[in-house]
Undergrad: 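Before anything else, here's the structure in question.
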Amino acid sequence: MALTGRTALLAALGSLPVGLWDPSWTGILAVNTPLALACACDFALAAPVRRLGLTRAGNTSVRLGETADVDLTVTNPSGRPLRAQLRDAWPPSSWQPGTEVEASRHRLTIPPGERRRLTTRLRPTRRGDHQSDRVTIRSYGPLGLLTRQGSHKVPWTLRVLPPFTSRKHLPSKLARLRELDGRTSVLTRGQGTEFDSLRDYVPGDDTRSIDWRATARQSTVAIRTWRPERDRHILLVLDTGRTSAGRVGDAPRLDASMDTALLLTALASRAGDRVDLLAYDRRVRALVKGKAAGDVLPSVVNALATLEPELVETDARGLTSTALRTANRGSLIVLLTSLDAAPIEEGLLPVLSRLTQRHKVLLASVADPHIEQMANARGTTEAVYDAAAAAQANAERHRTAEQLIRHGVTVVDATPTELPPALADAYLSLKAAGRL
């Protein structure tokens, strides 16, 4: 039970004249005894809280930054009307800062034997699984003096998925893919190494594509059309070690790598390639393997939702061994990690040849845009020192990238907003050149 502010106000107002005219225990009892009886009657008339029935429904997943509605149905089985305040508690990261009180508290009135549905609107600020906490209900009597209060556990899980902000680049990349696939009206033939079909020659076509045998059998000149190889295997390897925890802008480096992986997954699955995902630091954190083209993107999104950086040094040998066991021979392995000199030179380079001997390796790294801003800063002594430090950092990254390129690795290094389309372009270039 809980006293309301109305009860305290009535007790204060009743005690004021007693204190002024006849300060005694008799006067205080004369005022507070009727108030106590009124509170007892009010408590008895309030609907019981423990007997209420509560069930949930609504969204079970939402993208980060979007809103989700979770419905709570409250059933009043008692013979008394329910006048109540309800608090639907969730973790603080389930709402934008400052909006929790307004979003989680509800007023409701339920006649005897009826039910009402309340909607709690969530707008999470972090990825992962958000578990609902207790539902606390405060039931008022008709006088509003003394309340019944209790809590119920009504479990519900809302999975917050990565935002996939890079999906805005997908239409343009698919248009280029269709051009490579020979499906659009362009003057050049679709690039690739797999034969697609024959069609009539039109001015501007490459004469090297003329099929002389087919031309001899018909009255028009026939040319061959080509398409990029299909059904190739792509393994996305996400480094979840300590370097992925470094913040780039407002988010960890891992989040930018996830966004990049999602765009490439969507593009490659549309191109007819098979995509698998491996997240690793010292053990496997997530694995998506053998999914059909229509299921691979939802599976990857779901696997990445609960992934968090681990503050441990990535085991490069273990990562390489796991990748070799996961990937088929002749696959494209896309390694999403950092270009920091120490982890690359001491961890990845000694074992890199095991990957490059059997697979095509593409390394994508998230660059810090703040370093570019520092490199362009001038005007003060502090700015000049910042520019010198940024130039040194960039020189180290370039030197590390050159070492990887000498080992046959294609390197893509860009800021978080530029990395997803840059990696997609690198994939399309490899596909157009028939190197997958």
Undergrad: Where the side chain of Arg167 meets the backbone of Pro163, is there a donor-acceptor pair that is under 3.5 Å apart?
TA: yes
Undergrad: Hey, does the side chain of Thr99 reach the backbone of Trp95 with a donor-acceptor pair shorter than 3.5 angstrom?
TA: no
Undergrad: Could you check whether atom CZ of Arg354 has more than 12 heavy atoms from other residues, nucleotides or ligands sitting under 6.0 Å from it?
TA: yes
Undergrad: Side-chain donor-acceptor pair under 3.5 Å between Asp340 and Thr243, yes or no?
TA: no
Undergrad: Counting distance only, does the side-chain N/O of Ser331 pair as donor-acceptor with the main-chain N or O of Ile333 below 3.5 Å?
TA: no
Undergrad: Looking at Ile344, Ile405, Leu348, which one forms a side-chain contact (heavy atoms from CB on, under 4.5 Å) with Thr400?
TA: Ile344
Undergrad: Any idea which heavy atoms bring Ala305 and Val160 closest together, and the distance?
TA: CB-O, 3.6 Å
Undergrad: Does atom CG of Asp250 have more than 12 heavy-atom neighbours, drawn from other residues, nucleotides or ligands, at distances under 6.0 Å?
TA: no
Undergrad: Calculate, to the nearest 0.5 Å, the distance between atoms CG and CG belonging to Leu304 and Leu161 respectively.
TA: 9.5 Å
Undergrad: How about Arg282: does its CZ atom have over 12 heavy atoms from other parts shown lying under 6.0 Å from it?
TA: yes
Undergrad: On a heavy-atom basis, which atom in Ala84 and which in Tyr140 lie closest, and how many Å separate them?
TA: CA-CD1, 4.2 Å
Undergrad: For the CZ atom on Arg247, are there more than 12 heavy atoms of other groups (residues, nucleotides or ligands in this structure) within a distance under 6.0 Å?
TA: yes
Undergrad: In sequence, state the C-alpha distance, the side-chain angles, and the governing distance for Thr314 and Asp281, and then conclude on side-chain hydrogen bond (donor to acceptor under 3.5 Å, both in side chains).
TA: CA-CA 4 Å; Thr314 300; Asp281 42 70; over 6 Å; no
Undergrad: Start with the C-alpha gap between Arg274 and Lys291, add the side-chain angles, then the distance that decides, and say whether side-chain contact (heavy atoms from CB on, under 4.5 Å) holds.
TA: CA-CA 8 Å; Arg274 292 173 291 119; Lys291 297 294 182 179; over 6 Å; no
Undergrad: Would the number of heavy atoms belonging to other residues, nucleotides or ligands and lying under 6.0 Å from CZ of Arg56 be above 12?
TA: yes
Undergrad: Are a donor atom and an acceptor atom from the side chains of Arg159 and Asn302 found within less than 3.5 Å of each other?
TA: yes
Undergrad: When you compare the side chain of Leu72 with that of Val154, does any pair of heavy atoms fall below 4.5 Å?
TA: yes
Undergrad: What pair of heavy atoms forms the shortest contact from Gly347 to Ala316, and how long is it?
TA: O-CB, 3.0 Å
Undergrad: Given Thr306 and Asp129, is the side-chain contact (heavy atoms from CB on, under 4.5 Å) satisfied, shown in steps?
TA: CA-CA 7 Å; Thr306 58; Asp129 289 339; 3.8 Å; yes
Undergrad: Under a 3.5 Å cutoff, is there a donor and acceptor pairing between the side chains of His407 and Thr356?
TA: no
Undergrad: State whether the side chain of Ser93 and the backbone N or O of Thr125 hold a donor-acceptor pair below 3.5 Å, judged by distance alone.
TA: no
Undergrad: Determine whether a donor-acceptor pair (N or O, by modelled atom type, separation under 3.5 Å) exists between the side chain of Trp156 and the backbone of Asp71.
TA: no
Undergrad: Answer yes or no: is there a side-chain heavy-atom contact under 4.5 Å between Thr326 and Lys289?
TA: yes
Undergrad: Could you tell me the separation between the CG atom of Leu170 and the CG atom of Leu263, rounded to the nearest 0.5 Å?
TA: 6.0 Å
Undergrad: Output yes when Asp425 and Lys173 qualify as a salt bridge under the 4.0 Å nitrogen-oxygen rule, no when they do not.
TA: yes
Undergrad: For a quick check under 3.5 Å, do Thr165 and Asp259 share a side-chain donor-acceptor pair by atom type?
TA: yes
Undergrad: Return yes if some donor-acceptor pair links the side-chain N/O of Ser94 with the main-chain N/O of Pro91 below 3.5 Å, else return no.
TA: yes
Undergrad: Begin with the C-alpha distance, continue with both residues' side-chain angles, and end with the deciding distance and a verdict on salt bridge (charged side-chain N to carboxylate O under 4.0 Å, His left out) for Glu345 and Arg399.
TA: CA-CA 11 Å; Glu345 294 175 358; Arg399 184 169 59 253; 5.0 Å; no
Undergrad: If you count every heavy atom of other residues, nucleotides or ligands that lies below 6.0 Å from Arg317 atom CZ, does the total exceed 12?
TA: no
Undergrad: If you define the side chain from C-beta out and look only at heavy atoms, does anything of Arg51 sit under 4.5 Å from Asn76?
TA: no
Undergrad: Flag the pair Arg123 and Glu66 as a salt bridge only when some basic side-chain nitrogen lies within less than 4.0 angstrom of an acidic carboxylate oxygen.
TA: no
Undergrad: Taking all non-hydrogen atoms of both residues into account, name the closest pair between Ala268 and Tyr427 and its distance.
TA: CA-OH, 3.6 Å
Undergrad: Let me see the working for Asp315 and Arg283 under salt bridge (charged side-chain N to carboxylate O under 4.0 Å, His left out), right down to the final yes or no.
TA: CA-CA 8 Å; Asp315 179 11; Arg283 62 181 179 87; over 6 Å; no
Undergrad: Any ion pair linking Arg253 and Asp368 (charged N to carboxylate O, less than 4.0 Å)?
TA: no
Undergrad: Only one of Leu236, Val284, Leu238 passes side-chain contact (heavy atoms from CB on, under 4.5 Å) with Leu278; say which it is.
TA: Val284
Undergrad: Any chance the side chains of Gln85 and Arg138 put a donor and an acceptor closer than 3.5 Å?
TA: no
Undergrad: Between Leu262 and Val300, is there a side-chain heavy-atom distance shorter than 4.5 Å?
TA: yes
Undergrad: Taking only Lys NZ, Arg NE, NH1 and NH2, and the carboxylate oxygens of Asp or Glu, determine whether Glu102 and Arg121 approach each other closer than 4.0 Å.
TA: no
Undergrad: So for atom CZ, which belongs to Arg63, do other residues, nucleotides or ligands contribute more than 12 heavy atoms lying within a distance under 6.0 Å?
TA: yes
Undergrad: Would you call Lys431-Asp273 a salt bridge at under 4.0 Å N-O?
TA: yes
Undergrad: Could you go step by step and tell me if Leu174 and Arg270 meet the side-chain contact (heavy atoms from CB on, under 4.5 Å) rule?
TA: CA-CA 8 Å; Leu174 289 176; Arg270 298 284 187 91; 3.0 Å; yes
Undergrad: Below 4.0 angstrom, N of the basic side chain to O of the carboxylate: do Arg285 and Glu310 qualify?
TA: yes
Undergrad: Return the set of residues passing salt bridge (charged side-chain N to carboxylate O under 4.0 Å, His left out) with Asp133 (not counting sequence neighbours), or none when no residue passes.
TA: Lys153
Undergrad: Compute whether any side-chain donor of one residue and acceptor of the other, for Thr120 and His106, lie under 3.5 angstrom apart.
TA: yes
Undergrad: Side chains of Thr73 and Leu54, heavy atoms from C-beta outward: is any pair under 4.5 Å?
TA: no
Undergrad: With no hydrogens and no angle check, is any side-chain donor or acceptor of His359 less than 3.5 Å from a backbone partner on Leu324?
TA: no
Undergrad: Just by modelled atom types, is the Asp295 backbone N or O under 3.5 Å from a matching donor or acceptor in the Ser299 side chain?
TA: yes
Undergrad: I'd like to know if the side chain of Asp239 pairs up with that of Ser244 as donor and acceptor (distance under 3.5 Å, no hydrogens or angles considered).
TA: no
Undergrad: Working note: Leu430 + Lys360, criterion side-chain contact (heavy atoms from CB on, under 4.5 Å); need CA distance, chi angles, decisive distance, verdict.
TA: CA-CA 10 Å; Leu430 293 173; Lys360 179 66 180 176; 3.9 Å; yes
Undergrad: State, with a plain yes or no, whether a side-chain heavy atom of Leu158 is found less than 4.5 Å away from one of Val62.
TA: yes
Undergrad: Classify the side-chain pair Ser365/Ser338 by whether it contains a donor and acceptor separated by less than 3.5 Å.
TA: no
Undergrad: Anything under 3.5 Å between a donor and an acceptor, one on a side chain of residues 410-424, the other on a protein residue two or more places apart or in another chain? List them.
TA:
| from | atom 1 | to | atom 2 | distance (Å) |
| --- | --- | --- | --- | --- |
| Asp413 | OD1 | Arg397 | NH2 | 2.6 |
| Asp413 | OD2 | Arg397 | NE | 3.2 |
| Asp413 | OD2 | Arg397 | NH2 | 3.4 |
| Thr415 | OG1 | Glu418 | OE1 | 3.4 |

Undergrad: Is there a side-chain contact between His152 and Val49 in this structure, where contact means two heavy atoms from C-beta onward sitting under 4.5 Å apart?
TA: yes
Undergrad: Within a strict 4.5 Å, meaning less than it, do heavy atoms of the Arg115 and Val74 side chains meet?
TA: no
